[in-house]
Amino acid sequence: MSEEFSLSALQDKWLPVWDSLKPFDSAKPGDERPKKYVLDMFPYPSGDLHMGHAEAYALGDVIARYWMQKGFNVMHPIGWDAFGLPAENAAIKRGLDPRKWTYENIEQQKSSMRRYACSFDWDRVLQTCDPIYYRWNQWLFLEFYKRGLAYRKNSNVNWCPSCQTVLANEQVVQGLCERCDTQVTKKALTQWYFKVTDYADRLLDDLDTLEGKWPTKVLTMQRNWIGRSYGANVQFEIVNRKEPVTVFTTRPDTLYGATFMVVAADSDLASELASESDASVRMEFFSYLEKTKQVSDIDRLATDREKTGVFLGRYAVNPLSGEQIPIWASDYVLADYGTGAIMAVPAHDERDMAFANAMQLPVLTVVDTGEEDPSVSRIATAGDGVVVNSGPLTGLKKDKAIEKAIELLEEKKLGLRAKNYRLRDWLISRQRYWGSPIPIIHCEKCGEVPVPESELPVLLPDSAGLDLQPKGTSPLGAASDWLNVACPTCGGAAKRDSDTMDTFVDSSWYFLRFLSPNSEKHAFDPAEAKKWAPVDQYVGGVTHAILHLLYSRFFTKVLYDMKLVDFEEPFSRLLNQGMVLMNGSAMSKSRGNLVRLSEQLDEHGVDAIRLTMAFAGPPEDDIDWADVSPAASGKFLARAWRIAKDVSSDPGSDVQTGSLEVRKATHSFLAAFTEAIEGFKFNVGVAKCMELTNALRKAIDSGVGGGDPAVREGAEELAKAISLFAPYTAEDMWELLGHKPGVALATFRSVEADLLVQETITAIVQVDGKLRDKFEVSASISEAELRSLALASPAITRLLEGKQPVNVIVRAPKLVNIATK
RNA sequence: GCCCCGAUAGCCCAAUGGCAGAGGCAGACGACUUAAAAUCGUCACAGUGUGGGUUCGAGUCCCACUCGGGGCACCA
């Protein structure tokens with residue numbers, strides 16, 4: 001116990017004590033406390049912790065510690081998302097073994113987390129690159145495969161020329177690689193997919209159950225991403241072709257206005273239709289196809305691009321009107337959405353109109369929206385209106401016409417009601433080394449053969465001797481000892497699948513692995529899942545709003561269908577913390593505005609940094625490090641610490657004999673603090689601690705003095721509250737107050753309701769909404785009494801001279817408002 | 001272009017439809033000190049981005065706009 005407050009001394013003092021105390025062990029036998037599962041998104045071990053981690057873990061810790069001190073058995077685990085490109089790229093650059101590099105970083109992060117006083121249960125650590133973990137990744141893959149949820153297909157996939165690997169749709173941002181910002185190109189490859197589209201409806205509809213529990217922003221982003229739209233699949237007969245072509249439309253009401261058809265230039269259908277056309281069409285089409293393949297996604301996504309296309313020399317028959325319409329190929333139609341072909345209604349679709357204008361195609365108006373006739377103006381009208389020129393649909397309003405059109409099509413067996421999604425299946429193959437091997441063997445005779453469960457895990461071969469340089473094919477393809485195996489079915493020569501899984505597979509179920517992180521029998525123990533899951537509180541950055549959260553939700557639903565879990569949503573509540581900025585922009589070495597966490601910790605101490613993170617503002621807002629003051633946080637902690645030092649009563653003193661005023665301050669603090677923390681208003685929670693500290697200081701210096709038992713009560717609750725933000729300081733305060741180490745397990749006193757009631761209250765009197773007088777009244781004053789007091793007040797009677805009060809609103813005991821004419 | 005979120009003091013931020021200020025930073029002044037730091041205390045500072053509306057009463061609810069941030073965007 002020192003005379004002066006020194007955070008670095010407290011760190012050295014308490015860290016070893018905690019190591020032996022293990023306050024955050026969540027698997028104590030016979031623990032009867034109710035459970036709470038609090039989870040921080042696990043980190044990538046690509047170096048030491050940075051300011052962003054410091055914020056995330058500070059906030060996650062506030063929540064975890066709060067529930068512990070509310071008497072819950074809190075499971076707050078941590079692990080590492082240890083496979084993946086950053087580790088592999090860094091390893092390539094330094095010529096090191098990615099395994100060694102990864103584990104070294106993990107050790108460094110782990111020791112930084114301990115110093116940072118994270119309340120993690122260190123007996124539940126996992127690393128996704130451990131065979132004991134990815135064995136179950138592979139097991140899950142095979143379970144998905146059994147259920148038809150993992151399949152291989154050849155298609156034009158997103159390809160990052162820099163990472164030299166394919167990317168999932170979700171990893172392409174504005175046509176750029178999510179990781180390295182390189183322009184993504186297309187490549188035809190046979191790859192593994194997870195059939196997430198089978199779950200599109202559930203993934204979308206169940207978002208409703210998360211309303212109010214997840215940030216609106218995330219819910220909106222997920223809804224947009226899934227992008228369900230309703231309409232019809234309509235069959236068009238093709239002249240000189242046996243099979244009709246089906247198109248998806250959300251506007252079957254405009255079917256009579258379809259004046260041409262467009263098929264995606266890069267679709268098989270386009271090639272087929274062109275191949276059976278004239279030689280000149282064939283030439284023109286294939287040269288157009290070549291050109292479209294050159295166009296990058298960036299250019300393709302530009303909405304103001306000139307429409308281009310080729311007439312295929314073929315005709316389709318409008319199923320309702322019987323008209324023949326020309327078929328065009330263009331790159332404005334996407335091959336992998338709907339059926340890759342559309343009916344073009346230029347009068348009522350902007351894009352089709354642009355194409356019709358570019359190619360001088362006819363426009364037929366079929367909806368009168370009251371705007372200028374699009375067949376004259378050549379400007380599309382997409383709004384509501386009355387259908388015209390459309391046979392049996394004529395005269396109906398849009399919605400009715402859509403229904404009627406679908407009925408007609410279904411009757412004639414020319415179409416069906418249909419839904420479509422923006423969401424695509426999840427491409428999980430990656431042509432990289434540092435990932436989970438895909439447990440499939442390719443045999444010339446037997447085709448795809450799953451690796452038998454007894455042979456799992458398929459271990460990743462040692463990287464020594466392998467060329468990890470990205471070259472477009474998996475480095476594992478060169479590990480011939482590993483690659484060449486006997487087919488499990490026929491025993492003949494076969495090869496392993498040499499791609500590895502997207503690391504988002506690893507992170508889609510890790511929250512369940514924490515329940516039994518070392519189990520060799522299960523991916524996770526179902527009994528433990530029943531006890532702990534789902535996650536009660538998830539904390540992480542909004543950067544994962546789509547990818548990780550969508551995939552985890554998908555996995556959870558599949559596991560539900562496998563009857564391995566009894567819930568359909570993995571994360572009951574979600575808190576997104578903001579980012580830590582410096583001078584308005586994200587920190588980066590190249591911008592020269594990098595703030596080093598280790599330097600901040602050395603300069604100000606762990607507690608001051610943690611407190612600063614919590615106090616800076618609402619957790620979901622970004623923190624600009626230029627706007628905050630860790631030094632001020634340190635000052636406050638010293639001030640609070642001195643309160644504990646100045647308490648001179650004995651532990652266990654009878655609080656009933658203490659100052660009522662101080663007791664009231666303490667208990668109203670407890671009520672306000674609880675409300676603030678449970679509402680994620682950590683900044684307000686800290687402010688309440690400051691308020692109580694100020695009140696206690698005043699009581700000690702110029703009030704009842706440090707010997708009053710009520711001051712002790714206040715100081716003890718203050719120590720517990722501060723423990724959420726500044727555990728070292730709080731632990732020392734706890735000791736100063738005469739307690740054994742373990743403030744993290746000391747539960748908050750329950751609020752004594754009678755200490756919250758005020759006997760007197762300041763009533764305010766308004767005239768026409770403006771404050772005119774105030775006076776002290778009994779808190780139990782009646783409305784009539786308060787009303788007459790207000791009307792009798794000299795200040796008010798003076799004001800009311802010559803005016804007529806028309807209405808007197810009384811809200812006892814707080815307010816009277818007199819409305820005058 | 002569409003959708004979402006935000007705008008309160010010099011700054012960061014509080015405020016169940018009821019006194020605009022809980023807390024902090026920066027500032028001024030005072031106490032302690034030979035002096036300074038540290039500490040303790042006191043004080044000052046805005047009428048809530050703009051314009052309308054609802055209400056006895058609006059920072060808070062509604063409408064329009066401005067600015068800032070984010071998401072989606074050739075998905076038929």
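To find a chain, count down the sequence lines: A is the first, B the second, and so on, and within it residues start at 1.
Comparing B/A46 with B/U8, their P atoms sit 16 Å apart, to the nearest whole Å. Atom P of B/G10 sits at a distance of 15 Å from the matching atom of B/A44, rounded to the whole Å.
Distance from the side chain of A/K774 is smallest for B/C19 among the nucleotides B/G24, B/C19, B/G18. For A/R422, the listed nucleotide lying nearest its side chain is B/C72; candidates were B/A76, B/G18, B/C72. Listed nucleotides: B/C56, B/C74, B/A76. Nearest to the side chain of A/A819: B/C56. In this structure, the nucleotide among B/A76, B/A14, B/C56 sitting nearest to the side chain of A/R811 is B/C56.
For the pair A/N224 and B/C2, the criterion of a side-chain N or O lying under 4.0 Å from OP1 or OP2 is not met. Under 4.0 angstrom from either OP1 or OP2 of B/G24 there lies no side-chain N or O belonging to A/S633. Applying the 4.0 Å criterion to OP1 and OP2 of B/G6, one finds that A/K217 has every side-chain N and O outside that range.
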Short heteroatom pairs, N/O only, protein and nucleotides 48-55 of chain B, under 3.5 Å:
none

Report, one pair per line, the protein and nucleotides 36-40 of chain B atoms (nitrogen or oxygen only) whose separation is under 3.5 Å.
unit_1	atom_1	unit_2	atom_2	d
B/U39	O3'	A/R642	NH2	3.1
B/C40	OP1	A/R639	NH1	2.6
B/C40	OP1	A/R642	NH2	3.4

What are the atom names and distances for every N/O pair under 3.5 Å that joins the protein to nucleotides 9-13 of chain B?
unit_1	atom_1	unit_2	atom_2	d
B/C12	O2'	A/A616	O	3.1
B/C13	O3'	A/N683	ND2	3.3

Under-3.5 Å N/O pairs linking protein and nucleotides 57-61 of chain B:
unit_1	atom_1	unit_2	atom_2	d
B/G57	O4'	A/N817	ND2	3.4

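The shortest heavy-atom contact between A/T760 and A/E776 is OG1-OE1, 3.1 Å.
Taking a cutoff of 4.0 Å between a charged side-chain nitrogen and a carboxylate oxygen, A/R697 and A/D701 qualify as a salt bridge.
Listed by first and then second residue, the salt bridge (Lys or Arg N to Asp or Glu O under 4.0 Å) pairs that reach into residues 221-231 of chain A are A/D201-A/R228, A/D205-A/R228, A/D208-A/R223, A/E211-A/R223, sequence neighbours excluded.
Among residues two or more places apart in sequence or in another chain, the ring-ring contact (aromatic ring centres under 6.0 Å, His included) test is passed with A/Y288 by none. In terms of the side chain to side chain donor-acceptor pair (under 3.5 Å) criterion, A/W328 has no residue partners (sequence neighbours excluded). Partners of A/D349 according to the side chain to side chain contact (heavy atoms under 4.5 Å, CB included) rule, which considers only residues two or more places apart in sequence or in another chain, are A/R351, A/D352. For A/D384, the salt bridge (Lys or Arg N to Asp or Glu O under 4.0 Å) test picks out no residue, with sequence neighbours left out. Partners of A/S668 according to the side chain to side chain donor-acceptor pair (under 3.5 Å) rule, which considers only residues two or more places apart in sequence or in another chain, do not exist here. Partners of A/E785 by salt bridge (Lys or Arg N to Asp or Glu O under 4.0 Å), not counting sequence neighbours: none found.
Between the CG atom of A/L718 and the C1' atom of B/G23 there is a distance of 14 Å, given to the nearest Å. Counting to the nearest Å, the P atom of B/A73 and the CZ atom of A/R223 are 17 Å from each other.
The aromatic rings of A/F725 and A/F673 lie perpendicular to each other, with more than 60° between the two planes, well past the 30° mark.
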Sequence neighbours excluded and cut-off under 3.5 Å, please list the side-chain donor-acceptor pairs for residues 674-687 of chain A, or say none.
unit_1	atom_1	unit_2	atom_2	d
A/T674	OG1	A/L670	O	2.8
A/E678	OE2	A/Y66	OH	2.6

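Across all strands shown, B/C43 forms a Watson-Crick or G-U wobble pair with B/G27, both key distances being under 3.5 Å.
Not a single donor-acceptor pair, N or O on each side, falls under 3.5 Å between the base of B/C19 and the side chain of A/K814.
Counting non-hydrogen atoms under 4.0 angstrom, A/R772 reaches nothing in the nucleic acid. Contacts of A/S702 with the nucleic acid, taken as non-hydrogen atoms under 4.0 Å apart, are absent. Among the atoms of the strands shown, only primed sugar atoms or phosphate atoms (P, OP1, OP2) are found under 4.0 Å from some heavy atom of A/K681.
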